[in-house]
Amino acid sequence: MGKFDIDNMLSDLGIGDEDASSETPAPSTNDPASDEDFNSSLSTPIDYSAEPDASAPASPAYPHGAPPEAPRDPDADLPDSLTSIYTPEKQSGHEKSDIGAILVDRKIITGAQLSLAKSVAAQTPGASVIDILINQDADEIGVQRVVAELAGLPFEQLDPELGDRAVCGKHIQRLTTGYCKSNQAIPLREEGMRLVVGVIRPDDVFQLDDLKRRLGVQSIKPVVISRGDLNRILELFGEPDQEEMDLEDILSDIQEDDVQIAEDEIEELDLEAQAAESPVIRYVNYILQTASKEGASDIHIEPSERGIKVRLRIDGILFESMNPPPAMAAAIASRLKIMANLDIAERRLPQDGRIRCNIQGRKLDLRMSTLPTAHGEKIVLRILDTRSINVPLSDLGLDENTLNIWNNQIEEPNGIILVTGPTGSGKTTTLYASLRQMDKQKMNISTVEDPIEYHLDGITQTQTHERIGMTFAKALKALLRQDPDVVLIGEIRDLETATTAVQAALTGHLVLSTLHTNDAPSSVTRLVNIGIEPFLVGAALNGVLAQRLVRRICQNCKQQVEPIDELKEFLEMHGLPSDSITEGQGCERCRNTGYAGRLGIYELLVVDDTLRDAIARNPNVSEFRRMCLERGMNTLREDGMLKVSQEQTTVQEIRRVTESGH
């Protein structure tokens with residue numbers, strides 16, 4: 001250990017008086033005995049609880065023989081330039097240092113939001129959970145208040161009515177609006193010798209040092225603000241005005257060959273080369289593998305002003321999965337276009353393609369669609385997995401009575417059977433499951449689809465091609481010359497297709513098809529509105545099955561809970577017990593949603609002789625629906641509430657997918 005002059009050091013720090021320091025001889029740096037006394041004094045413990053001895057010699061640190069009774073004010077004898085230095089406020093002492101747990105405790109976000117944000121952050125290099133939560137439309141003001149509290153800094157919400165008066169305009173002009181936007185910091189006001197600066201990330205100390213250097217201020221006091229307030233204020237300042245310059249001065253130093261036009265082929269080659277780079281290939285493979293592992297039905301790759309967002313549709317709901325670097329947007333799009341054999345140079349028009357791949361031992365078909373947007377091309381990949389479509393009728397969620405009636409319907413020798421519902425309600429799954437129930441060895445079963453989503457063994461499948469005139473109606477007429485027993489039409493869209501289907505049903509063929517209607521009785525009105533005569537609709541139609549898909553309660557985390565007052569009233573109105581209901585509490589298996597998997601709810605209309613006579617009179621929708629209910633038809637909501645009583649789904653799901661009258 002080096003040797004120091006203790007008295008001189010204490011004098012420089014202002015401890016002790018001049019008399020005491022002058023009377024006490026300084027230990028000689030060359031005296032070995034002094035060194036031994038000094039070292040022994042360091043090893044001797046000090047008893048602060050003992051009473052001071054008045055006769056004891058004064059120590060250099062405390063010349064009067066005792067330490068001061070109270071600590072000195074550190075700012076008492078400091079100059080004004082030093083007291084103006086800002087120090088953060090003491091933290092509130094929140095026991096939890098995890099900001100995510102605090103946000104959930106204060107109900108600013110939900111546990112599902114936090115779990116999703118952590119999952120996205122883990123798969124997105126350089127992304128923070130806070131930024132992802134705000135990008136997912138969490139309450140930014142509430143999030144930033146907690147950020148400020150944990151950082152020991154005040155939070156300020158800028159008054160929009162003050163406009164540009166809410167900030168320090170001269171310092172913004174010195175920094176430029178571009179710097180403030182890119183660094184997420186904005187000068188607010190001057191307080192004495194300190195400059196108050198609003199920041200988004202209070203932990204970036206290098207940014208504060210850079211601000212001090214650029215603005216030439218002695219001290220900066222950071223306060224936490226929201227990104228929304230910062231962007232609104234910066235929009236008021238706009239871009240800096242360009243100074244007017246003489247045209248001759250501008251053109252004097254410019255030569256004709258200073259700028260050369262680049263050919264478009266160069267960009268195409270660069271895109272193709274970039275799409276073939278190993279990191280891009282691996283990232284696209286990672287997206288596809290993640291979607292396959294999570295059981296997603298669709299992949300959405302969405303460019304925006306903030307960057308790229310990858311969302312997966314799982315059990316009918318979109319979940320954000322990852323945020324690739326913005327610089328990879330064009331490369332990811334080009335890579336997927338190459339896989340789908342699309343034109344990578346065409347970014348102004350929509351394109352459709354198909355990718356066949358093998359992911360983790362599973363053969364998947366991906367239907368790819370591109371759409372030009374303001375920030376690039378949005379890409380949606382529909383995942384067609386044979387395992388998801390290969391479901392028997394008994395596992396679709398049909399109750400025993402409805403299942404028996406439906407089996408009788410698909411065994412009829414002729415007539416039209418319709419399955420209705422919105423896009424993504426499982427109509428194709430129901431129709432394919434019905435075809436697999438039939439005897440393919442003794443029957444000629446043919447389909448007309450656009451496109452053929454899944455290939456079925458023992459069934460003749462035909463795809464339409466609108467561009468070459470291969471429409472539903474034309475393909476159906478051709479199939480009727482192939483001696484079919486059962487014909488499946490992907491969708492009845494127009495009068496020609498509907499007319500051919502009715503004629504096929506009336507001439508001894510069983511026709512299965514789909515319609516986009518809200519409920520079963522509306523299908524009759526839809527066919528009449530297309531142009532089919534009501535008496536022909538009544539004669540040809542056998543039955544209509546309307547359906548929706550709802551999420552199942554997660555079996556791993558389901559619990560009995562007491563419903564809120566609103567749900568109690570709803571349950572009592574439907575004749576169900578209201579003392580407790582079953583809900584999923586959220587776990588890792590269900591991504592903290594409380595749901596895992598889906599099942600269908602159904603509304604089956606069987607057309608009997610009484611209803612055929614009613615259809616021939618062309619009743620309106622409400623009148624015909626009332627007649628169907630009188631004939632014993634169960635509505636979608638009634639079937640859904642039955643599944644709520646069986647603890648398969650929740651009231652929230654039924655109310656989400658059904659209307660009050662259905």
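Numbers here are sequence positions counted from 1.
- Under the 3.5 Å distance criterion, the side-chain polar atoms of K440 are left unmatched by any main-chain donor or acceptor of I445.
- Side chain of N183 to main chain of A185: no donor-acceptor pair is present (N/O by atom type, distance under 3.5 Å, no hydrogens or angles).
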List the steps and the verdict of salt bridge (charged side-chain N to carboxylate O under 4.0 Å, His left out) for R382 and D352.
CA-CA 11 Å; R382 180 83 182 274; D352 295 322; over 6 Å; no
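- Here OG of S394 is found 7.5 Å from CD of Q437. Values are rounded to the nearest 0.5 Å.
- With hydrogens and angles disregarded, a donor-acceptor distance shorter than 3.5 Å links the side chain of R552 to the backbone of R598.
- Side-chain N or O atoms of S115 include none that pairs as donor or acceptor with a backbone N or O of A112 at under 3.5 Å.
- S513 contributes a side-chain N or O that, together with a main-chain N or O of I489, makes up a donor-acceptor pair within less than 3.5 Å.
- For R589, the CZ atom sits in a loose shell: 12 or fewer heavy atoms of surrounding residues, nucleotides or ligands are nearer than 6.0 Å.
- In this structure, I452 CD1 and D365 CG are separated by 11.0 Å, a value rounded to the nearest 0.5 Å.
- For the residue pair Q184/Q207, the side-chain donor-acceptor check at 3.5 Å is not satisfied.
- A cation-pi contact, defined as under 6.0 Å to the ring centre and within 45° of the axis, links R591 to F319.
- Within 6.0 Å of the NZ atom in K181, the count of heavy atoms belonging to other residues, nucleotides or ligands does not exceed 12.
- Using cut-offs of 30° and 60° on the angle between ring planes, the pair Y286 and Y283 is perpendicular.
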Please step through side-chain hydrogen bond (donor to acceptor under 3.5 Å, both in side chains) for the pair S580 and E562, ending with a clear verdict.
CA-CA 5 Å; S580 66; E562 183 179 356; over 6 Å; no
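- For the pair K427/E491, no side-chain contact is recorded, criterion being any heavy-atom separation below 4.5 Å from C-beta on.
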Between I299 and L312, is the side-chain contact (heavy atoms from CB on, under 4.5 Å) condition met? List the steps.
CA-CA 5 Å; I299 304 172; L312 306 179; 3.9 Å; yes
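- C590 has its side chain out of reach of N556: every pair of non-hydrogen atoms, C-beta onward, lies at least 4.5 Å apart.
- Shown here is Q560, whose CD atom has more than 12 heavy atoms of other residues, nucleotides or ligands within 6.0 Å.
- I308 CD1 to I332 CD1: the interatomic distance, rounded to the nearest 0.5 Å, is 4.5 Å.
- For the atom pair L576 CG and M641 CE, the distance stands at 4.5 Å (nearest 0.5 Å).
- Between A340 and M368, the shortest heavy-atom distance links the atoms CB-SD, 3.8 Å.
- Annotation: side chain of T497 is not in contact with side chain of T471 (no heavy-atom distance under 4.5 Å).
- Annotation: side chain of L456 is in contact with side chain of L435 (closest heavy-atom distance under 4.5 Å).
- Here the CD-CD distance, from Q648 to Q555, works out to 8.5 Å after rounding to the nearest 0.5 Å.
- Contact annotation: the side chain of S321 never approaches that of R311 to less than 4.5 Å [non-hydrogen atoms, C-beta and beyond].
- At a threshold of 4.5 Å between non-hydrogen side-chain atoms, the residues L393 and I410 count as touching.
- A distance-only check finds no donor-acceptor pair linking the side chain of T462 to the backbone of V448 [under 3.5 Å].
- A donor-acceptor pair is defined here as one N or O able to donate and one able to accept, closer than 3.5 Å; such a pair exists between the side chain of Q547 and the backbone of G426.
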Verify salt bridge (charged side-chain N to carboxylate O under 4.0 Å, His left out) between R348 and E346, making sure each step is shown before the conclusion.
CA-CA 6 Å; R348 301 168 299 171; E346 182 56 72; 3.5 Å; yes
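- Environment of CD in E588: sparse, with no more than 12 heavy atoms of neighbouring residues, nucleotides or ligands closer than 6.0 Å.
- Contact annotation: the side chain of R655 approaches that of L567 to within less than 4.5 Å [non-hydrogen atoms, C-beta and beyond].
- Within the 4.5 Å cutoff, the side chain of E653 has no heavy atoms near those of the V644 side chain.
- A side-chain donor-acceptor contact under 3.5 Å links H516 to the backbone of G421.
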Stepwise side-chain contact (heavy atoms from CB on, under 4.5 Å) check, I338 with I344
CA-CA 7 Å; I338 290 173; I344 66 172; 3.8 Å; yes
May I have the step-by-step check of side-chain contact (heavy atoms from CB on, under 4.5 Å) for R201 and I130, ending in yes or no?
CA-CA 10 Å; R201 301 181 297 270; I130 297 301; over 6 Å; no
Going through the distances and angles, do D139 and R106 end up as a salt bridge (charged side-chain N to carboxylate O under 4.0 Å, His left out)?
CA-CA 12 Å; D139 179 13; R106 299 185 182 178; over 6 Å; no
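- Nearest heavy atom pair, residue V143 against residue A138, reads CG2-CB, 4.5 Å.
- One N or O on the side chain of S334 and one on the backbone of A330 form a donor-acceptor pair closer than 3.5 Å.
- When atom types are taken as modelled, the side chain of D315 and the backbone of G597 share a donor-acceptor pair closer than 3.5 angstrom.
- Scanning all heavy atoms of the two residues, the minimum distance from T658 to I654 falls at OG1-O, 2.6 Å.
- Across all non-hydrogen atoms, the minimal contact from L571 to S578 is CD1-CA, 4.1 Å.
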Steps toward side-chain contact (heavy atoms from CB on, under 4.5 Å) verdict (I109, V104)
CA-CA 5 Å; I109 62 172; V104 172; 3.9 Å; yes
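- In this structure, NZ in K643 is found 13.0 Å from CD1 in I553, a value given to the nearest 0.5 Å.
- The two residues L336 and I355 have their closest heavy-atom pair at O-CD1, 3.9 Å.
- The two residues I383 and Y454 have their closest heavy-atom pair at O-OH, 4.3 Å.
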